[in-house]
Number of protein chains: 2
Amino acid sequence: MKIGQVATKSGLPAKTIRYYESIGLIDPAGRTSAGYRAYEDKDIQTLRFIQRARSLGFSINEVSALLTLWNDRNRASAQVKELAKRHVEEMDRKITELQSMKSTLSDLIDKCQGDHRPDCPIIDNFAKKKL
Amino acid sequence: MKIGQVATKSGLPAKTIRYYESIGLIDPAGRTSAGYRAYEDKDIQTLRFIQRARSLGFSINEVSALLTLWNDRNRASAQVKELAKRHVEEMDRKITELQSMKSTLSDLIDKCQGDHRPDCPIIDNFAKKKL
DNA sequence: CTTGACCTTCCAGTAACTGTAAGCTCCATA
DNA sequence: TATGGAGCTTACAGTTACTGGAAGGTCAAG
């Protein structure tokens with residue numbers, strides 16, 4: 001199977017698959033006599049795994065660790081769970097931060113007339129001297 | 001005033017101030033005879049403005065637009081409000097996405113025993129053939 | 001006159017791709 | 001057989017917003 005078909009089946013752009021190979025996230029694919037990358041079904045499984053993990057926000061490094069665990073028959077599920085928990089914590093931090101920023105900005109937006117005049121509580125807030 | 005003091009007063013690392021100058025977000029600072037950047041109080045105001053806007057998640061480009069609006073006596077507050085609203089929408093999108101990812105992953109975590117055995121619903125989910 | 005704290009510039013690295021260019025290969029049709 | 005287009009190849013640049021580090025200049029204190 002060539003990369004285009006693998007891209008379709010895995011949900012990842014061909015470009016991205018090559019990129020993953022270039023950074024060592026996946027093993028280099030075999031090649032046809034013409035130099036085209038040749039894939040098998042198990043490669044698609046791996047790429048789908050990666051795609052799922054990435055879609056849940058895991059970093060490439062984390063995905064790499066997850067791939068290792070996936071292939072480790074002696075893994076402890078505790079290791080996977082721990083990795084996942086840490087990721088959820090990280091997402092929680094980001095959610096909290098975003099909500100805080102959104103809240104502050106929304107308050108300012110509510111106070112802004114939003115008309116043709118220059119007076120603007122948003123600008124004023126950014127420009128004010130001290131907290 | 002030299003860059004170190006400005007860094008302290010503005011809440012931005014000296015390195016970042018130089019970076020902002022290099023990309024044209026702020027005007028090049030004056031120089032002392034020794035070649036050191038020389039700042040005035042109004043520069044600190046500008047940098048604090050930038051710091052505030054950045055801390056609310058606005059991109060450098062958006063901050064640049066906000067700076068222009070700040071210095072535009074003929075601005076309409078509607079312009080500022082619109083920019084801010086779009087940014088809130090963007091944050092909302094991110095929050096929703098993060099919450100969705102978190103929710104999915106949390107469900108999987110709850111199902112995982114987290115012990116010494118390899119069986120793991122998280123890995124299983126990532127590895128499963130089809131949705 | 002020598003530290004040490006600051007300052008300077010420039011280059012590289014980060015995360016995870018994406019875009020673009022120049023150039024093969026393969027298959028089908030005229 | 002020639003040609004055209006789809007799909008493949010590599011390599012390099014660009015994105016975002018900095019941050020780290022190296023090599024070297026400046027200034028005030030001791």
Side-chain angles (χ1 to χ4, degrees), chain A residues 1-26 28-40 43 46-47 49-67 86-87 90-91 93-94 97-98 101, chain B residues 1-26 28-40 43 46-47 49-67 86-87 90-91 93-94 97-98 101:
Chain A
M1 215 175 338
K2 282 176 290 181
I3 202 168
Q5 213 183 339
V6 173
T8 304
K9 290 200 185 183
S10 68
L12 289 168
K15 191 104 198 177
T16 299
I17 297 171
R18 289 192 203 99
Y19 169 70
Y20 287 162
E21 184 184 300
S22 81
I23 60 169
L25 180 63
I26 54 177
R31 298 291 178 130
T32 67
S33 53
Y36 288 8
R37 285 175 181 79
Y39 296 91
E40 295 159 40
D43 298 318
T46 302
L47 289 166
F49 183 103
I50 293 170
Q51 194 278 323
R52 288 258 170 81
R54 289 287 298 132
S55 76
L56 289 180
F58 286 101
S59 71
I60 295 279
N61 264 348
E62 288 166 334
V63 172
S64 184
L66 288 166
L67 283 172
R86 259 187 257 125
H87 180 46
E90 182 61 30
M91 288 194 282
R93 245 171 270 130
K94 285 184 186 164
E97 190 192 357
L98 281 166
M101 298 189 298
Chain B
M1 215 176 338
K2 282 178 290 182
I3 202 167
Q5 213 183 339
V6 173
T8 304
K9 291 200 185 184
S10 68
L12 290 168
K15 193 105 196 175
T16 299
I17 298 171
R18 288 192 204 98
Y19 169 69
Y20 286 164
E21 184 184 300
S22 82
I23 60 168
L25 180 63
I26 55 177
R31 297 293 176 127
T32 68
S33 53
Y36 288 8
R37 285 178 182 78
Y39 296 91
E40 295 160 40
D43 298 318
T46 302
L47 288 166
F49 183 102
I50 293 170
Q51 195 279 323
R52 288 258 171 81
R54 287 288 299 133
S55 76
L56 289 180
F58 286 100
S59 71
I60 295 280
N61 262 347
E62 289 165 335
V63 172
S64 184
L66 288 166
L67 283 172
R86 260 187 255 126
H87 180 46
E90 182 61 31
M91 288 194 282
R93 244 171 269 131
K94 285 185 184 161
E97 190 191 359
L98 282 166
M101 297 189 299

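By convention in this document, chain letters (A, B, ...) are assigned in the order of the sequence lines, proteins followed by strands, and residues within each chain are numbered from 1. Nothing here was measured: the structure is a model prediction, and the numbers come from that model.
- Atom-to-atom distance recorded for A/T16:OG1 and A/I3:CD1 is 9.5 Å, nearest 0.5 angstrom.
- If you walk DNA chain D from 5' to 3' and mark each nucleotide with an atom closer than 4.0 Å to a heavy atom of chain A, the marks span D/dG7 to D/dA11.
- DNA chain D is contacted by both B/K2 and B/S59; B/S59 maps to the nucleotide lying nearer its 5′ end (nearest heavy atom per residue).
- In terms of phosphate contacts, A/Y20 brings no side-chain nitrogen or oxygen within less than 4.0 Å of OP1 or OP2 of C/dA16.
- Between the OH atom of B/Y19 and the P atom of C/dT14 there is a distance of 17 Å, given to the nearest Å.
- If you take CG of A/L56 and P of C/dA16, they are 15 Å apart, rounded to a whole angstrom.
- The OG1 atom of B/T46 sits 13.0 Å away from the CD atom of B/Q51 when rounded to the nearest 0.5 Å.
- Residue-level contact check: B/I3 touches the backbone only, with heavy atoms under 4.0 Å from sugar-phosphate atoms and none from bases.
- Between A/E90 and A/R93 a salt bridge is recorded (basic side-chain N to carboxylate O distance below 4.0 Å).
- Atom OH of B/Y39 and atom CE of B/M1 lie 10.0 Å apart (nearest 0.5 Å).
- In this structure, A/H87 places its NE2 atom 14 Å from C1' of C/dA15, rounding to the nearest Å.
- Computed from coordinates, the A/I17 CD1 to C/dC17 C1' distance equals 13 Å when rounded to whole Å.
- From A/Y20, atom OH reaches atom OG of A/S10 across 9.5 Å, with rounding to the nearest 0.5 Å.
- You'll find the side chain of B/V6 stays beyond 4.5 Å of the side chain of B/D43, heavy atoms only.
- A heavy atom closer than 4.0 Å to some atom of DNA chain D occurs in B/A34, B/Y36, these being the qualifying members of residues 30-39 of chain B.
- Annotation: the span from A/I50 atom CD1 to A/L67 atom CG amounts to 5.0 Å, rounded to 0.5 Å.
- A/R18 comes within contact range of at least one nucleobase, with a heavy-atom separation under 4.0 Å.
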Salt bridge (Lys or Arg N to Asp or Glu O under 4.0 Å) between A/R37 and A/E21, intermediate numbers included: CA-CA 11 Å; A/R37 285 175 181 79; A/E21 184 184 300; 3.1 Å; yes

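- Annotation: the span from A/L47 atom CG to A/I17 atom CD1 amounts to 5.0 Å, rounded to 0.5 Å.
- Residue A/K15 places a side-chain atom within donor-acceptor reach of the base of C/dT20, judged by atom type and a 3.5 Å distance cut-off alone.
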